[in-house]
Structure formats: C-alpha cells, structure tokens
Amino acid sequence: MNETVTSPPEPSQPKWGPLRSQQRRVLGVLIEKAKTTPDAYPLTLNGLVTGSNQKSNRAPQMNLSADEVQQALDELRDMGAVVEVQGSGRVAKFRHQMYDWLGVDKVELAVMAELLLRGEQTVGELRTHASRMEPIPGLPELKTILQSLIAKNLVISLTPEGRGQMVCHNLYKDRELVELKARMATYTPPPAASSDASPAPQRTGGLTSTWSYVSQEKFDQLQEEVTQLQAEVAALREMVAKLEPLLS
C-alpha cells in the first residue's frame, strides 16, 4: 500500500501542539486513508465523516456530524496541519500536512496515526495495528521507532518498559493527559511467565491435561498474534459492511 504523498527526506521543524479529540480523529483518518486507500485520497467532507465514525480500527467510537468534522478541519487548516485542495467537479477535498507538522518519517507517521485512532495501547498491539499501513517486522524495530518518537516528545510511555508496556501519543490536551495517567496508575500487565517447572498433569473426567509455562518471548509472540488476528477480523467486518449495501 503506497501512499501518494511521500515523506520529506529530512523532516522540517515540527509545528505540532495539543489537539481536541475531534481534531485527532480527523487527522488520524486522513493519514490512514492516505496510506491504505491512496486512490480515494484526498478525502471529501463526507468521506471524513464516514471514516471518523467507522466501527473498526477506532477507539473510542464516535458519531461526529458533518458540522463537527468541518469545524475540526477549519481549525486544523489554521494550524497548518491540513490543506484544502480542489477535487473533481469542484468538490472540496482535504489532505494532511503531518510530515511537516509533526516532523516525522513515513513509518513514524503510521505509528502516530494508530495512536491517534485508537489511543493508548500495548507495544505489541501497536506493532500489529501500525503494520497495516507501513511494514514493521517486529517488536525490536518498533521499539527503535518509539524511541525516536519519545525523543521528539510525540509519544509517552505510560508504564515501564517490558511486558505489557503501554504507550500513547502526546497530542492530548493537558486535562485529558492527566486523566489518562490517573487511569493508567491502576493498570496491571498480564501475569509474568514463570520459569518454574511445569506442574504435574491433572486428570479430569478421564482426560489428562498438562499445563506448561511459556517463556516471556513466546508469551509476547502469542499476544502479538492474537492482536493481529483481531485486527484482521475487524478489517473483514469492515469489508462486509461495505459490501452489504451492494448486495441488498
């Protein structure tokens, strides 16, 4: 999936600042559609409303009106994050300026888009989600990208590095970020895998079940595979939803 807009070889001085939730959703949709459906990009107002309110790959779910999306676009244009271009038939279309506005490369932008669309998430979830826009081979590669974004103050680590690490973007308003950090103060990652020997088999109803502990590496791999399957199911549901009107 090649985006029609190429990233600048050397990102310019970033111009970003805190955004309202509607502004973040609109920007996330523009970045996502530019990367995943370049033939349909730039987007019309109606396309942005649909993308903002779609059920898959979004958290939280929103129900924005055309007026609310237009207001967010007007504000983002004033900030230099979005530009309006003329479409066919003189229909206004909109294009993001996020490479310059954030000062990032194309893979960093894919990571930012997923954080804008879904909010806080584990590093494993983020790798799977962002890989639908740009290839990210594994967690080591993503962690290098995250280190760069953290150095640019665009990403915040909400929990310590390691198992179940949670990260988020840093484009929240101050009050939202305080509330998010307060919620994450009670976050508990999944139980750590034990290095102890596997317990003895237990017989239940005539069947023998052997429980064995897995290594941390295997646990992270399985968690990543589950997240990827969830993302694929969500994509299939989105495709079915688009086909239903054509079949009725």
Requested in this report: Determine, for R183 against E179, whether the closest basic-nitrogen to carboxylate-oxygen distance falls under 4.0 angstrom.
Outcome: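 No, this pair does not count.
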
**Report entry** Test: K143 and E161 ion pair at under 4.0 Å
**Finding:**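 Salt bridge between K143 and E161, a charged N being under 4.0 Å from a carboxylate O: no.
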
Is the closest side-chain heavy-atom distance between [X] and [Y] below 4.5 Å?
X	Y	value
M79	L19	yes
E125	T122	yes
L27	M98	yes
L73	Q23	no
R58	V29	yes
C168	K181	no
E108	S148	yes
V83	R77	no

Report task. Would you check, one step at a time, whether the test side chain to side chain contact (heavy atoms under 4.5 Å, CB included) holds for R25 with N53? Result -> CA-CA 9 Å; R25 176 59 55 88; N53 296 333; 5.8 Å; no

Inter-residue atom distance [X].[atom1] - [Y].[atom2], 0.5 Å rounding:
X	Y	atom1	atom2	value
Q70	E75	CD	CD	10.5 Å
Q147	L142	CD	CG	10.0 Å
S131	E114	OG	CD	9.0 Å
L48	K33	CG	NZ	10.0 Å
I136	E141	CD1	CD	9.0 Å
E134	T36	CD	OG1	10.5 Å

Say whether, by atom type as modelled, one donor and one acceptor occur between the side chain of [X] and the main chain of [Y] under 3.5 angstrom.
X	Y	value
K152	G103	yes
T37	D39	no
S65	E68	yes

Report task. May I have the step-by-step check of side chain to side chain contact (heavy atoms under 4.5 Å, CB included) for K93 and E84, ending in yes or no? Result -> CA-CA 6 Å; K93 293 189 175 183; E84 181 178 334; over 6 Å; no

Query raised in the report: Step by step, would you call D105 with L109 a side chain to side chain contact (heavy atoms under 4.5 Å, CB included)?
Result: CA-CA 6 Å; D105 63 30; L109 189 59; over 6 Å; no

Query raised in the report: Around K173, counting heavy atoms of other residues, nucleotides and ligands shown, do more than 12 lie under 6.0 Å from its NZ?
Result: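 More than 12 heavy atoms, drawn from other residues, nucleotides or ligands, come within 6.0 Å of this atom.
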
Report task. Mark yes when over 12 heavy atoms from residues, nucleotides or ligands other than D78 sit less than 6.0 Å from its CG; otherwise mark no. Result ->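 Enclosed: over 12 neighbouring heavy atoms sit under 6.0 Å from CG of D78.
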
Compare every heavy atom of [Y] with every heavy atom of [X], then report the nearest pair and how far apart it is.
X	Y	answer
A113	M133	CB-CE, 3.6 Å
L117	G28	CD2-C, 3.6 Å
L177	N170	CD2-OD1, 3.6 Å
F94	Y41	O-CE1, 4.1 Å
S52	M62	O-CB, 4.2 Å
L158	M184	CD1-CG, 3.7 Å

Query raised in the report: Could you go step by step and tell me if Q22 and L64 meet the side chain to side chain contact (heavy atoms under 4.5 Å, CB included) rule?
Result: CA-CA 8 Å; Q22 294 90 340; L64 300 181; 3.7 Å; yes

Query raised in the report: What orientation do H169 and Y172 show, parallel under 30°, tilted 30 to 60°, or perpendicular over 60°?
Result: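 Ring orientation, 0 to 90° scale: parallel.
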
